Structure formats: C-alpha cells, structure tokens
Amino acid sequence: MQEKYLPTEIEQAAQAYWNTSQTFRAAATADLTNSRPKYYCLSMFPYPSGKLHMGHVRNYTIGDVLSRYHRMKGYNVLQPMGWDAFGLPAENAAMQNKVPPAKWTWDNIAYMKKQLQSLGFALDWERELATCAPEYYKWNQWLFLRMLEKGIAYKKTQVVNWDPVDQTVLANEQVIEGRGWRTGAVVEKREIPGYYLAITQYADELLSALDTLPGWPERVKTMQANWIGKSTGVRFAFPYELPATGGTNLPSPSRGGIEGGDGVSTANNPSPSLALPLEGEGHVQSASGTEKGLLWVFTTRADTIMGVTFCAVAAEHPLATYAAQTNPQLAAFIDECKHGSVMEADMATMEKKGMPTGIFVDHPLTGEKVEVWVGNYVLMSYGEGAVMAVPAHDERDFEFAKKYGLGIKQVIENAGLRGELAKALLDGRLTEKGKQELEASYTNTAFTTNHWQQWYGDKANGVCVNSGKYDGLGLEAAVTAIAADLKAKDLGDTQVQYRLRDWGVSRQRYWGCPIPLIHCDACGTVPVPDEQLPVKLPEDCVPDGSGNPLAKRADFVDCACPQCGKPAKRETDTMDTFVDSSWYYARYCVDPTTRAANSAMVDAGTNHWMPADQYIGGIEHAILHLLYSRFWTKVMRDITVDGKRLVNYDEPFANLLTQGMVLNHIFSRRTDKGGIEYFAPEEVDLKRDEGGHVIGATSKADGQPVDYGGVGTMSKSKRNGVDPQSLIDEFGADTARFFMMFASPPEQTLEWSDSGVEGAYRFLRRVWAFGHAEQPAIAARAAMPAKLPEPLAAVRREIHLLLKQANYDLGKFQFNTVASAAMKMLNSLEKIPAGNGRDAVVAECFGILLRILSPITPHICHALWIELGFGADILDAAWPEPLAEALVQDEEELVLQVNGKHRGNIRVKAGADRAAIEAAALAAEAAQKFMEGKPAKKVVVVPGRLVNIVV
RNA sequence: GCCCGGGUGGUGAAAUUGGUAGACACAAGGGACUUAAAAUCCCUCGGCGCAAGCCAUACCGGUUCGAUUCCGGUUCCGGGCACCA
C-alpha cells in the first residue's frame, strides 16, 4: 500500500476497474424482472457548450451520490447521460469561428464526455444520446405528426423580434434594450405563422396532478400552479355601434386561423372575439346605416364593473386598426407600439402609454358611454386583447387614468381593515411603536393617499359601494350577481381562464430539428410520410447571422410533394429545443437493442424504468422545461399505436431535487453597435471596497473599465463559467466532488469560490494516512470484546451517533453535513485511545467512515476498501446502520435555562422522568444563583434536551 | 412590474424544523518540528467587557416560558417571466 495519497493513480485505477467490469451498465429489458427494486436516477442533461462548469459538477455529483447510495442500499440503478445538443450557441460559435454547428457540437460532446468520465460518475454510457442525432430527432418529428393528426399541433401567427437589418428573427436574449445585438437596429415586432402545441388542453390536468407529486419541492409546484394561473372570472361584452362601412374595410382578427382545418382551437385561448366580421358575436348591419358589435373583455374582478371608466385594447386589436384608418395620429401610435421587445418583463416595466380611438362603447349594465383607448400595455396574446379599466382599484389603470385625465370611481370599501386597526389601537396591548407600524402598514401606498387599492387587494373584506343594487355585497356575491345580470342580457357569463398559453414550437433557425412538413402549391401543407422520417438536417451549414440558412439550401428545400409528386418546398422552420429535452429521459430507458433497430420511439424498458425515481437539475428549469416534459408525457400517454398507449405513466418525475445555481461575477461592456460583450472573470482586475465587496473592474487586456453586473448563473453566454478541469488536474476528482458537496446544501444558491478546496484535499490525505497507519490493526480483523473500556466505548458511540445523523441527513439530501459527519468521524478516530478492543473499534468505525464517504469520494474509498481487506468492491458492501449496543449510555446532559436564558448544564440518568429532571434542575447551583430566591412559576421540561425554569 | 426563493462571524456554513446560535471547515494570528521551506501537529479566533456578564442570525414590529425557525411590514440579493438552455 502506498504511503502517500496519489489521487491520479487511484482514480485511474478505480475508473479502469469500473469500465472493465461494466459496473454501471443497467440491466437490459430481458433482465428487468430481477427482484431488486429499480432506481432511475436522472440528472438534467447538459448543453454541450464546450467545457463543463461548476454547476455541472454540482448537479452530477448530487446524482452520483444518490445513485451510489441507492446501489449500496440494494437498488437496481439506472443513471444515464446525454446531450441537449441543438441550440443557439452553436450558431453563434459558427458565426464567430466559421465552423459548422454540427462539428462544433460533436467536438464539444467528445471533450465534455471525457471530463465527465474523469469525475468518475457511475454512468451507463451505453445509453448515451445526443438530441442532434437523426436517430433521436426522428421521433420528435414522428410525434409532432401524431400531434398534428390529433389536433394538438396547429398553426397560427406568432409575434417575434425582427431585426430589420439582418432580416432575421432574434431570440429574446439577442435583444439588448430594444436593439438587435449584432446590428444595433431597433427591433420590431413581427407577426409570422408558426406551429403551436395545445398545452392548454392539458391545463387542468397539469394543475391538478401537481397534487400527485409529493416528492416535488413545494416552491416548484407553487410556481407551476401560478404559471398555469387558473382563475374563474367573467367574460363579458361592451356593445357598440359604428358607422356602416359595408364590412369590406373592417379588419379581420389577426390570429386564430388554422390551416387545413385539421388543427383545433382551444377553448382556453379563444380567438379575439371583438372582431366585427365574426359571426355569432352580435355583428349586425342595421337598416339605419350603422353596424353593431361587441367588445369582449375578461376580468377576475367583475365586482368592480361599476367602477369602469374606460376600456383599453391592444395595438393589434381590430377596433384599433379600424379607428386608425381615419386617424393618422393613432396609426402612428399603433406603429410605435410595434417597436420594442415582446418580453413580458419589458412590457410590465415600460412606461404606460395610450391614445383614444374616439370609439365609445356602452357599459353593459349602466348603459353609460365608455371610451376605448389603445394601450401599449395590453397584449393581444392574452385573453381578449382588451381590458376593462377600473382606475380606482387597479394600480396600472390608476397610473394610466392619472396620466390622461380619465375618470376614477371608487366602488370597493373595506370595513374589515378599518375595524381591525381600530380594535388593535383600542386594545391597548400594542406599544406606541407597534401602533405606528400597524398604521403604516395600512396606509403605506405608493401612488395614492387613500386605501382604495388595498381594499381591492383584501378580497375577504371588500364590499361594493357606489354600485347601485350591488352595494354592500362582498366579492363573491357581487361577482355572482353581476355575472347573472350580464348573462340575462346575453352579454357575458362566468368563465374559467388560464394564464398558460399554447406552446409555440416553430423557430426560424438552422441548428434544430426540422419540422416534417412539405408545402405544395396544389395540395397545401402535407406531412412527410412516416417512412421518410427522419427529415435530416444538412450538417455542413455555416450560418452567417442573416435569415435561416436552411432556406438557402436548395438540396434541402426542393422536394417532391408526397401526395401529388409535383415539385414542392420543404418547411425550413425547426423545432424549439425544449421539444428535444421534453422526452430524452424516456429514450434512455429504451433497451439498447431496440434502440439500434430504431423502429420505435419507446419500448417496454421505458415503462419499466419510468417515471424517474429522482430527477436532479437547476431551479431555473422549475417552470418551462419541467412543465413541457409533464405535458409531453401526457401526450405520449394519450397517443395510441396499434391500440396501445405509447407510455403507461402519467407523470415523468416522481421526485425532484432542484439544485441551487452556482453563481459567479459578471463583467460586460457595451459595444459600439449597442450590443454587449462579456468578459470572463480571469480577464479582469477587480476593484473592491473595504468590506471586500466587488465594486468595479478593469480589463486586463486594455486597462479600461468594464461594467460589473453583480453575480449570476454560470453560463457560456455570460462567459462567467468556471472550468473544473484545473481543479481535477491539481487535486483529483474526489477532492472536486467532496469540495462541491461540502460547500453548501444542494438546493441553496452558491456563489463560487475555490477557497476551501485545499481543506477538502487535506481531509482526503488524512483519510488515506489513517488507513495506511492502521493497516495492520484493521487487517488483524480483531473480534469486538463484549465489554469495551469506557474511553473506547465513547469513541464507538460517537461514530455510531454520527452515522445515525449522516443517514438522516442523506434522506434530506443534505450532503454537506454528511461530509461533515465523515470529518468528525476521522477527528474522533485519530484520537482513539489504547485499550482492549481498540483494533476492533478502529476496523469497525473506519469501515463505516469509508462506506459513508464512498458515494461522495468513490475512488479513494474503493482503493482503501480493497487495500485494507474489507472486501472486493465497496459498491457491493451493505450500507452501514448504527448499532443499538454501540449507542447505549448511562447519563445524558440537559441544558439548564432560567427565564429562557442558558445558565448551565445538568447531568441526569438516561431516560429520567420529568419529576427527577425538575428536581435536579431546581437543585442545580446555576439555577439557584439566577432564581435569586424567587419561587419557580413554571418548569418546562423537554426530555433529552433542556429544562427551563420560569420565575 | 409580476411569480418563487434567500440574507447567520473575515469566508462556506451548522443548529435533529420552536429548545445551548456559530458544529464541521476555509482564511487569519500565535506556537512546535525543521538549517530553511513545504508538509504535519497544537493553541486562539462574532462584538463589547478585567470579570460576572451583556449584545448579536439583513432591518422594524408581533406571538411565545423560549424565535435563525412562526406571523405582519421593509430592504437587499438570486431564479423565472413563454425564442438562452
């Protein structure tokens, strides 16, 4: 046995052993019936950006710890890995380096695979997959066609960021303060056709099924529920009458058309129903030369309907378009609204602007005239593209009304809050400061001196005022009454609405999965026949930033129509990369032989391994990726082939661990064209204040200042990722893994710093040194004496207590304290006294330490297990459990408090009853001193923990 | 702006979920060993105070015998906001 700890040697040997014995190869379909319970441990697959970063190390070490732990607990474990290989960064790299995205991606995969292997993860590489491989994305295409048949996939227009200079669609990330990142041109909103997946058809199930996921973090379920945003409200209409136009120049709704009629619109995303030309919405040309129409809106607060003072519609709304025909100023304003970003965060924070249309509609209940405004904050894609405005009680409407001098009418009052405040003040229990606090909390409002908005927010206590017959009604009663009255007039009804919108999957990009459709002049849009799948993406394109390179490839575009055989054009849009990542986990499960034949998307292996027993990945995926995966799963469940469902489970991930982000400093500088250039942390010199906080930085290259952007997620685009390779090269994989797990609990955000790596390395050296020094003692395999001398019993008890704690912490995924327990074990063992049974205690306890540590630092534990003769493979050893005989003790120590303050400790017999503890406490010297002769009013006893004397 | 988290020593963090605040480490300082360095080992290490003790878990309040933990408010930081993945 080597005296020195040599990580490189140890790690290479261990990895070679795992490779040759195929230790981590999961059982194939034929063996799936073996009696061990399955444990499918899944980590979110990486985007092959070039190198691993610390977030990957964190993510995959967590997965590996869980995999190895469950394997030792007797589970049949599957832990696969793959590559989320399509995406924008490959195209950016192509523009920069003139290398095809395919080559760049495959090279990155090869390098990152080596890095993963050098970290010793227990992965079944036989099941590796890359989403850019035709044999994988073939099934994206196949399932897309099934969705088209079922009406889950359909076509409508979508709003995109358009760079007028590069003539290309920009991702949100490529829009910097309203301008294109490469050209600096002001970005325009443009409506283009695209394909959507009707996730709203599953909105209800996606929401209610959250209750079937007890293994998911509460916060993720809350975020998903809020995202789906189910609300019951009232959809109602404001009737209006306009001068007749003959209907010819009245605008059509800008969306909702579904090509070929094989798609379906969804109940929850109705077409904008205002539009004059639509049938069944009250559009009637009357004899008097006017046309009647209905302006539909949706509200969750119909109780405030009597406070409506105006309506606001989106710039793309047909009424706006209609009014603009005769109003050049309005037309200019509508045009202005088309500039700028499509992002919700920008929409919500931009200055609210509007302009009157000159059109008045009738209030459906009072008949009063209500003016229609165009508002830049109203989105055509939400609800009806129009809203009622109640400035008295809605902050956004208030801001708008104040700015344009529109009416404000209070219709909600809250007696409850007023009463509560009065009661609290009269009660007298509040201090003067407390009173002020309470008052401030009721009066602190950013935009008005009254309480109207707060009364609106306090749904339990608001009542209607200034609302005629609805006066005095609470929220629910008022909504019910108002909805009934609207219904009686045939002008509205209650409706369930979702915030969730259908999933637009078309991308005007090259490096993605081609959408398998063909456009024929004679036959229209025709699906590519299944037997012609996959539609392969040419792999030698080098995008240049303008337009979609696929459209320029005649060899891709030109094809024969599958229906009539005449020349036709292939669809050049590709799919959103979220499609790729929505089902990769099901593909890992496919038996390798089935996969080689590639005649099916999934097989029996999928139903065996799925749902994944544990999914691990960054919290940034809490909504989109996880929701899309859940949706995709339900679609696969509902699609049948030969009368059989594709999969037989409802949810893809039984348990979810959301890893906290690994953050690092971000440095950037604006380019001449208005874009952003990022600097890696090693390229800048930091300026810090006295407290050590970063306040600025300069570029090492040119000495000029760069902007400090605070800390944020490690990412390729922000260039702030830290490559773990130097860490692995210098200290080894075990140190990197141990350090990462010890640094903080997995769900917590972690600001990157490598201070502490030395400590991890030092600890592993001590583990090795202890094993080396005690080799003879351990190899002797001495029997444990029936009665150990107390000093040795104490060490043994301590190790078993730590083991108990470590096992508890493992169940909570709290790996940092497991690592800490291992360190405490070694601290104890290093001080073990001599005595009868010492060698037996050392052997037993060090064996526990190695097994506890082995999921985190598998290489060193593998080597020591063999060197010290514990067994052939530590992975085959049973997981240690604390022994009752080792834990027994005669006395226990309790904390002694007087009036809640710690005043000392008392020792009592283990398991002493309350009376005995109380007596011992009152007799204690420290208690006597602080009770100052006063009698005990009350004695609180917490068995095994503390006793508190109240005087 | 909206939704979801988080804030504890110089630093990463712990506290068996209402019961000794700061375990275990890192950094720093002091010492031992050494010709020297590295490595290793020992000691100190939240603030104030000679001490008894007092103060202290972002800030302001509340509940409780007892609050890092529960409640109300504020503030700062992070994640998401539908074309980054």
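Remember, predicted model here, so these are calculated numbers, not experimental data. Note on naming: letters A, B, ... go to the chains in the order of the sequence lines (proteins, then strands), and numbering restarts at 1 for each one.
Remark: A:Lys352 is not positioned above the aromatic ring of A:Phe400, lacking an NZ or CZ atom under 6.0 angstrom from the ring centre and at most 45 degrees off the axis. Under a cutoff of 6.0 Å and an axis angle of 45°, A:Arg719 and A:Tyr678 do not form a cation-pi pair.
Which of B:rG1, B:rG12, B:rA15 sits closest to the side chain of A:Ala743 comes down to B:rG12. The A:Val895 side chain lies nearest to B:rU20 when the options are B:rU20, B:rC24, B:rA14. Looking at the side chain of A:Tyr808, the nearest of the listed nucleotides B:rC26, B:rA85, B:rU16 is B:rU16. Nearest nucleotide to the A:Glu620 side chain, out of B:rA82, B:rG79, B:rC65: B:rG79. When each of B:rA85, B:rG12, B:rG78 is scored by its nearest atom to the side-chain atoms of A:Asp84, the top-ranked nucleotide is B:rA85. When distances run from any side-chain atom of A:Trp227 to the nucleotides B:rC24, B:rA13, B:rC81, the shortest one goes to B:rC81. Closest to the A:Ala348 side chain, of the nucleotides B:rC24, B:rG1, B:rA13, is B:rG1. Among the nucleotides B:rC84, B:rA14, B:rU20, the one closest to the side chain of A:Asn172 is B:rC84.
Taking a cutoff of 4.0 Å between a charged side-chain nitrogen and a carboxylate oxygen, A:Glu893 and A:Arg945 do not qualify as a salt bridge. With respect to the salt-bridge test (charged N to carboxylate O, under 4.0 angstrom), the residues A:Arg396 and A:Glu399 do not qualify.
Not one N or O on the side chain of A:Arg765 forms a donor-acceptor pair closer than 3.5 Å with the backbone of A:Leu6. A donor-acceptor pair is defined here as one N or O able to donate and one able to accept, closer than 3.5 Å; no such pair exists between the side chain of A:Asp84 and the backbone of A:Asp580. With A:Gln928 contributing its side chain and A:Leu922 its backbone, the two residues share a donor-acceptor pair below 3.5 Å.
The nearest whole Å value for the distance from the CE atom in A:Met350 to the P atom in B:rC2 is 15 Å. Taking atom CD1 of A:Ile623 as the reference point, atom P of B:rC2 lies 16 Å away to the nearest angstrom. Rounded to whole Å, the distance from NZ on A:Lys230 to C1' on B:rC3 is 19 Å. Computed from coordinates, the A:Asn108 CG to B:rA85 P distance equals 15 Å when rounded to whole Å.
Classified by interplanar angle (parallel below 30°, tilted 30° to 60°, perpendicular above 60°), the ring pair A:Tyr5/A:Trp768 is tilted. Ring planes of A:His621 and A:His625: perpendicular class, angle over 60° (limits at 30 and 60°).
A:Met825 places a side-chain heavy atom less than 4.5 Å from the side chain of A:Leu803. Within the 4.5 Å cutoff, side-chain heavy atoms of A:Leu626 are placed close to those of A:Trp216.
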Test side chain to side chain donor-acceptor pair (under 3.5 Å) applied to A:Asn720 and A:Trp752, step by step: CA-CA 10 Å; A:Asn720 66 339; A:Trp752 175 250; over 6 Å; no

Audit row: A:Arg190, A:Thr157, side chain to side chain donor-acceptor pair (under 3.5 Å) steps and yes/no: CA-CA 10 Å; A:Arg190 178 171 277 217; A:Thr157 62; over 6 Å; no

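Within 4.0 Å of A:Asn827, counting heavy atoms only, lie sugar-phosphate atoms of the nucleic acid but no base atom. Using a 4.0 Å heavy-atom distance criterion, A:Glu893 is classed as making no nucleic acid contact. The residue A:Ser506 sits close to a base: some heavy atom pair falls under 4.0 Å. The residue A:Gly229 sits apart from the nucleic acid: no heavy atom pair falls under 4.0 Å. If you check every strand for non-hydrogen atoms under 4.0 Å, A:Gln508 touches a base. Within 4.0 Å of A:Pro745, counting heavy atoms only, lie sugar-phosphate atoms of the nucleic acid but no base atom. Within the nucleic acid shown, A:Phe742 comes within 4.0 Å of at least one base atom, counting heavy atoms only. A:Ser717 comes within 4.0 angstrom of no nucleic acid atom, judged by non-hydrogen atoms across all strands.
Other residues, nucleotides and ligands contribute at most 12 non-hydrogen atoms within 6.0 Å of the NZ atom of A:Lys51.
Screening A:Leu663, A:Ile619, A:Val662 for a side-chain contact (heavy atoms from CB on, under 4.5 Å) with A:Thr749, the sole residue that qualifies is A:Leu663.
Nucleotides B:rC48 and B:rU16 are separated by 33 Å at their C1' atoms, to the nearest Å. Going from the C1' atom of B:rG10 to that of B:rC45 covers 10 Å, rounded to whole Å. B:rG61 and B:rG46 have their C1' atoms separated by 25 Å, given to the nearest Å.
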Between the protein and nucleotides 29-32 of chain B, which nitrogen or oxygen pairs are less than 3.5 angstrom apart?
none

Tabulate atom names and distances for all N/O pairs under 3.5 angstrom spanning the protein and nucleotides 4-6 of chain B.
from, atom 1, to, atom 2, distance (Å)
B:rG5, O2', A:Arg219, NH1, 3.3

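Less than 4.0 Å separates RNA chain B from at least one heavy atom of each of the following residues of residues 940-951 of chain A: A:Val940, A:Val942, A:Arg945, A:Leu946, A:Asn948, A:Val950. Taking a 4.0 Å limit (strictly below) on heavy-atom distances, residues 624-632 of chain A reaches RNA chain B at A:Leu624.
For B:rG19, its base sits under 3.5 Å from the side chain of A:Gln897 at one donor and acceptor pair at least.
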Annotated protein contacts, base or backbone, on nucleotides 40-59 of chain B with a non-hydrogen cut-off under 4.0 Å, one of B, S, - each: SS----------SSSS----

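Using a 90° window around 0 for the glycosidic torsion, B:rG9 falls inside it and is classed as syn.
Under the 6.0 Å cut-off for aromatic ring centres, A:Trp503 and A:Tyr196 do not qualify, their centroids lying 6.0 Å or more apart.
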Pairing string, 5' to 3', for RNA chain B - Watson-Crick or wobble contacts under 3.5 Å, brackets [ ] where pairs cross, | to another strand: (((((((..(((......[....))).(((((.......))))).(((....)))..(((((..]....))))))))))))....

